[in-house]
Amino acid sequence: MAGSFQTVKGFRDFYPEQMALRNYLVDAWRRVSIRNGFVEYEAAMLEYLDLFRVKSGEGIVSELFSLVDRGGRELAIAPEITPSLARMINARIGGLPRPIKWFSIPHVCRAENPQKGRGREFYQWNVDVVGSDEVLADAECIFTLVDLLAELNLSPADAAVFLSSRSLLAAALASVGVANEKHEAVLPVLDKRDKVPPEAFEEMALKAGLEAAQIDRLRRFQDSTTLAEAIGYLEPTDAVATARAALEEVLKLLGAMGAGDYVKLDLHVVRGLAYYTGVVYEAFDSGRALRALAGGGRYDNLLELLGGPKIGATGFGMGDIVLGILLAEKGKLPDFAERCDCFIIDAGEGMFDDALAIVAELRRAGLAAGFSYKRQALGKQLRAAGQKGAAIAVIVGQELRDRGEVVVKDMATGEQAPVARAELARELQSRPRGLAR
RNA sequence: GUGGCUAUAGCUCAGUUGGCAGAGCAUCUGGUUGUGGUCCAGAGGGUCGUGGGUUCAAAUCCCACUAGCCACCCCA
């Protein structure tokens with residue numbers, strides 16, 4: 001590596017080719033959000049450290065970048081947008097029509113150790129519905145996530161959303177006799193169910209206070225592939241019935257929206273975060289080779305926790321890093337070559353001023369028109385046009401002087417024909433633009 | 001934050017028991033004035049991640065640091 005400076009650990013530079021990928025993802029996120037009825041917001045990137053302490057506990061402080069400013073304020077670069085979203089909505093809760101459907105694409109920072117699919121900085125698409133307790137809101141968020149997968153040409157065989165429910169997990173624990181105060185210790189163990197060997201799971205579960213019979217039932221419950229089978233391992237309590245109905249309703253709604261192929265029940269999904277209260281889900285690549293593509297769920301207590309009213313909310317986040325890796329590995333990325341609709345070539349002494357005038361005119365007409373900085377042979381300029389990926393070359397030569405015409409050459413087919421100078425812009429606008437390749 | 005592996009040209013990588021820094025691709029220049037994308041010729045480009053140490057001599061051996069990958073922790 002030349003030079004003394006490297007990028008800071010976990011941070012990325014975006015050279016034009018990486019920038020093209022990022023814009024491709026961000027454009028898709030924004031496009032899908034808008035057509036699903038979400039409006040965009042952006043929160044301040046620096047927040048009071050206490051905002052994250054209140055939401056996530058003191059332990060969060062070591063996981064984020066914080067600083068003390070010259071006024072002695074404890075600040076943090078936002079590691080996620082949800083607390084800021086709650087802050088912004090709480091501030092205007094009285095005046096916002098509900099449901100509040102907002103999305104954002106913040107650049108967030110987390111002080112974690114980097115590895116594949118995880119840096120210390122990333123862009124995270126966030127989609128949330130606030131102010132609705134209905135599972136319809138959960139279903140609409142999940143549909144939006146599925147819509148994005150499809151928008152990026154990821155089929156159900158490439159990636160899918162795995163659906164679970166915190167309320168069902170809580171009801172399940174209660175129904176097999178796990179006391180409420182043990183839930184906080186047990187949930188992380190269930191989260192590990194398919195991530196550790198069976199013996200390790202057993203050991204962790206015993207340590208969390210479960211009995212052997214409970215572990216066995218919960219294991220079967222989690223491993224169930226249908227909701228009916230899962231419920232069969234539980235006692236028929238009201239809480240179980242209510243949670244089951246909610247989850248069934250979400251699946252039914254997604255089926256009605258044609259997203260059923262992308263959504264699968266998976267009771268191994270728990271989510272680490274304590275604040276989830278209802279439906280939870282994660283999106284993964286089909287091979288499960290990568291980290292989660294997205295994760296989310298219902299969080300009905302967060303706004304109240306941050307000083308607002310008790311108001312229901314649900315949503316998810318999706319980072320740019322894992323998504324970019326998956327699309328690249330699946331060969332689902334388009335060619336990010338720069339756009340060059342046409343390339344203007346001066347052929348002959350003294351024609352450059354005319355060529356430049358044409359470049360300027362075509363650019364004003366909205367075409368991406370290129371030209372060579374060097375006055376060189378026609379062949380060299382054609383090669384430059386080819387390297388730029390120009391669909392069309394315009395040759396400005398003697399026929400302009402003789403008959404007021406230029407030669408328009410299709411770079412893909414090699415066909416060329418004279419076009420009147422005055423008709424050139426209109427002629428090129430009528431042709432397909434972009435790459436000739 | 002902890003541990004393991006790794007770091008040579010813009011990219012992918014060779015470089016033997018320590019003995020003159022290399023290839024392919026990419027880039028640039030030329031092949032003399034109107035036809036490209038697969039042609040020829042030439043050139044530039046590296047304090048071998050950074051800083052120390054051992055040695056007559058270090059890309060090569062040793063130490064520390066930095067960064068990347070992997071496994072933990074965590075996963076908002």
Side-chain angles (χ1 to χ4, degrees), chain A residues 1-13 15-17 47 51-57 59-64 76 78-86 106 108-120 122 124 126 128 188 191-192 195-196 200 269-276 280 282 291-292 294-297 299 302 315-319 321-322 325 343 345-351 372 374-400 406-416 435-437:
Chain A
M1 287 291 166
S4 304
F5 295 102
Q6 295 172 276
T7 49
V8 172
K9 180 200 270 200
F11 284 75
R12 298 171 290 174
D13 288 326
Y15 284 86
E17 56 269 32
E47 292 275 10
L51 179 68
F52 304 111
R53 279 204 183 100
V54 168
K55 190 212 136 191
S56 306
I60 195 69
V61 174
S62 65
E63 306 282 334
L64 47 71
E80 58 165 328
I81 194 88
T82 311
S84 305
L85 168 68
V108 295
C109 297
R110 302 176 178 180
E112 297 179 293
N113 236 3
Q115 45 190 280
K116 186 178 185 184
R118 176 200 263 184
R120 290 187 154 189
F122 58 98
Q124 189 185 53
N126 282 259
D128 292 275
D191 192 35
K192 290 272 189 267
K195 296 169 188 162
V196 300
V269 173
V270 177
R271 307 283 294 154
L273 217 57
Y275 70 65
Y276 284 116
V280 289
E282 294 177 337
R291 297 173 164 280
Y299 50 100
L302 185 62
F316 68 87
M318 169 184 259
I321 301 181
V322 177
I325 292 171
F343 198 91
I345 294 168
D346 63 313
E349 283 294 314
M351 300 309 299
S372 175
K374 294 193 194 66
R375 309 283 48 83
Q376 54 191 4
L378 175 55
K380 291 282 188 190
Q381 293 193 59
L382 275 172
R383 178 197 284 201
Q387 285 173 338
K388 285 284 182 193
I392 286 166
V394 176
I395 298 166
V396 183
Q398 194 54 42
E399 39 297 75
L400 183 64
V406 294
V407 174
V408 172
K409 179 183 178 78
D410 184 313
M411 292 296 285
T413 65
E415 290 169 14
Q416 58 184 57
L435 300 176
R437 296 169 186 156

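Residue numbers begin at 1 in each chain, while the letters A, B, ... track the order of the sequences.
Considering CD1 of A:Ile345 and CG of A:Leu382, their distance stands at 4.0 Å, rounded to 0.5 Å.
Along RNA chain B, the nucleotide nearest to A:Ile60 and the one nearest to A:Thr7 differ in position, and the one closer to the 5' end is contacted by A:Thr7. Mapped onto RNA chain B by nearest heavy atom, A:Gly414 and A:Glu349 fall at different nucleotides, with A:Glu349 at the one closer to the 5' end.
The shortest side-chain heavy-atom distance between A:Phe122 and A:Val322 does not fall under the 4.5 Å cut-off. Residues A:Lys192 and A:Val270 are not in side-chain contact: their nearest non-hydrogen atoms beyond the backbone lie 4.5 Å or more apart. At a threshold of 4.5 Å between non-hydrogen side-chain atoms, the residues A:Ser372 and A:Phe343 count as touching.
Using P as the reference atom, B:C63 and B:G4 are 11 Å apart when rounded to the nearest Å. Using atom C1' as the reference point in both B:A9 and B:C48, the two lie 10 Å apart (nearest Å).
Contact annotation: side chain of A:Arg118 to base of B:C74, donor-acceptor pair present below 3.5 Å.
In secondary-structure terms, RNA chain B builds stems of at least 3 consecutive Watson-Crick or G-U pairs, each pair having both distances under 3.5 Å, at B:1-7 with B:66-72, B:10-13 with B:22-25, B:27-31 with B:39-43, B:49-53 with B:61-65.
When the salt bridge (Lys or Arg N to Asp or Glu O under 4.0 Å) test is applied to A:Arg118, the partners found at least two apart in sequence or on another chain are A:Glu112.
Rounding to whole angstrom units, CD of residue A:Gln376 and P of B:U32 are separated by 13 Å. One can place CD of A:Glu415 at 16 Å from C1' of B:G36, the figure rounded to the nearest angstrom. A straight line from CD of A:Glu80 to P of B:C75 spans 11 Å, rounded to a whole angstrom.
Side-chain contact, A:Asn126 with A:Gln124: a donor N or O sits under 3.5 Å from an acceptor N or O.
Between A:Gln381 and B:U35 there is no side-chain polar atom (N or O) within less than 4.0 angstrom of OP1 or OP2. Remark: A:Lys116 is not in phosphate contact with B:A71, judged by side-chain N or O atoms under 4.0 Å from OP1 or OP2. Taking only side-chain nitrogens and oxygens, A:Arg110 never comes nearer than 4.0 Å to OP1 or OP2 of B:C75.
Side-chain atoms of A:Leu382 lie closest to B:U35 of the nucleotides B:G34, B:U35, B:C74. Residue A:Arg383 places its side chain closer to B:G37 than to any other of B:G37, B:A76, B:U35.
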